[in-house]
Amino acid sequence: MAANSVNRQIVLKRRPQGELRPEDLELIERPVSRPAAQQVLVRTLWLSLDPYMRLRAAGHERYFPAVPIGEPMIGGAVSRVVESHHPNFKTGDIVEEYSGWQDYALVDGHTLRKVNPSLAPISTALSVLGMPGLTAYLALIDVGRPEPGDTLVIGSAAGAVGAVVGQIGKIAGCRVVGIVGGPQKASYITNELGFDAVIDRHKDEIIAALNRTCPEGINIYFENLGGPITDAVYPRLAHRARVVVCGGITEYTSSDPKSNSHLQNILFSEARVGGFNIFSYASRYDDARRRLAHWFKQGRLKYREDIVEGLENAPVAFARLFEGTNFGKLLVRVSAE
Ligand SMILES: NC(=O)c1ccc[n+]([C@@H]2O[C@H](COP(=O)([O-])OP(=O)(O)OC[C@H]3O[C@@H](n4cnc5c(N)ncnc54)[C@H](OP(=O)(O)O)[C@@H]3O)[C@@H](O)[C@H]2O)c1
């Protein structure tokens with residue numbers, strides 16, 4: 001690294017109202033700092049863009065700490081170690097950490113995780129073998145408790161989390177029904193991932209499509225959406241169904257998120273509705289990662305990435321998550337591997 005290297009950072013300029021827009025963010029330049037004892041300086045290679053960032057930017061403190069105004073946006077990244085003052089890392093190591101929307105980051109060695117580049121392309125540490133994959137596995141297994149023959153319905157089924165949920169659902173013997181936006185995604189989950197049925201939220205009438213694809217009711221609903229699709233799903237839950245409340249992207253852009261009022265349906269179906277937060281499961285990551293890697297090596301877990309070139313394009317690209325125009329795990333290539 002040159003002594004005068006500049007660190008480009010995308011910082012939060014103001015809290016978003018509605019969608020997180022490029023005007024809410026600002027690209028600034030700061031000098032790259034040298035690491036202190038136990039710290040590691042990393043160069044970002046891949047940055048993950050995820051829906052939760054909208055909540056962190058808005059500052060829903062009840063769920064997560066807010067991104068401070070003037071600080072880089074939160075974000076998971078895969079990086080290369082440039083300089084290490086921590087005994088576990090050396091220059092050139094590939095690592096993963098929530099090091100934010102920036103070219104360089106100073107991180108504490110104890111929070112860094114090494115990525116094994118011989119296992120899979122390193123970007124998968126942010127997709128199928130990273131936080132979305134871990135979420136899919138742990139939430140489905142722990143809260144969804146899939147059984148052979150269950151009908152599993154997934155919102156945003158071609159997305160980073162949903163696509164893995166469906167594939168694990170198939171491994172567990174479920175009948176998997178995916179809800180997606182558009183024909184390309186519909187074809188992907190049925191023809192490439194082997195889901196049993198698909199509902200295109202742009203084309204199909206949701207209630208009729210759920211009745212058609214889930215004639216015996218829904219045993220597991222993997223909730224990523226909220227809004228009108230959730231309204232249509234809940235009355236169709238089977239007896240003792242499980243609802244995995246993983247996300248609610250339709251409500252993330254609201255400054256006053258409302259909860260869906262489905263208590264009567266939950267009561268009468270005796271459904272089990274469980275909240276899930278990946279950050280509470282840290283002690284199980286290694287185990288889950290081993291399981292995902294095992295299926296991955298067997299060719300039973302496919303993945304798709306939607307790659308944006310350049311840190312400066314992250315603010316515009318982020319909106320695609322909310323427009324549904326990302327197709328696969330949305331990633332930013334910040335610098336060449
Ligand atoms: N609880 C946790 O710990 C945890 C961890 C990770 C992710 N999550 C949640 O999991 C969900 C999926 O995240 P992801 O990273 O895998 O994102 P993703 O599914 O790759 O991308 C978001 C997708 O959501 C769908 N969408 C966006 N706006 C929508 C709307 N108004 N109505 C219906 N669908 C809409 C779009 O897919 P279509 O156009 O195909 O419908 C869009 O492509 C999110 O709710 C996220 O917050 C939760």
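Order of listing sets the numbers, starting from 1, for every ligand and every atom in it.
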- Message: Could you check whether atom CZ of Arg145 has more than 12 heavy atoms from other residues, nucleotides or ligands sitting under 6.0 Å from it?
- Response: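 Result for CZ/Arg145: open.
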
Within reach of ligand 1, part of [X] (heavy-atom separation under 4.0 Å):
| X | value |
| --- | --- |
| Leu225 | side chain |
| Lys329 | neither |
| Pro51 | side chain |

- Message: Closer than 4.0 Å to some heavy atom of Lys185 - which atoms of ligand 1 meet that?
- Response: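 Those of ligand 1 that fall under 4.0 Å from Lys185 are 37 (O), 38 (P), 39 (O), 40 (O), 43 (O).
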
- Query: Can you list the ligand 1 atoms lying under 4.0 Å from a non-hydrogen atom of Thr135?
  - Reply: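 Here the atoms of ligand 1 in question are 4 (C), 5 (C), 6 (C).
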
- Determine, using heavy atoms of Gly227 and all atoms of ligand 1, whether some pair is separated by less than 4.0 Å.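 Distance cut 4.0 Å: Gly227 fails for ligand 1.
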
Pairs of nitrogen or oxygen atoms closer than 3.5 Å, one from [X] and one from ligand 1: do any exist?
| X | result |
| --- | --- |
| Gly159 | no |
| Cys246 | yes |
| Arg320 | no |
| Thr250 | no |
| Tyr252 | yes |

- Identify, for atom 38 (P) of ligand 1, the protein heavy atom at the shortest distance, and state residue, atom and that distance.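 Here the closest protein heavy atom is Gly181 N, 3.3 Å.
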
- Aromatic ring proximity, centroids under 6.0 angstrom, Tyr252 and Tyr52: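 No.
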
- Does the ring center of Phe222 lie less than 6.0 Å from the ring center of Phe276?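 Distance test on ring centres: not under 6.0 Å, no.
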
- Query: Does a salt bridge link Arg175 with Asp150, judged by any charged N lying under 4.0 Å from a carboxylate O?
  - Reply: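 The answer is no: the pair does not qualify as a salt bridge.
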
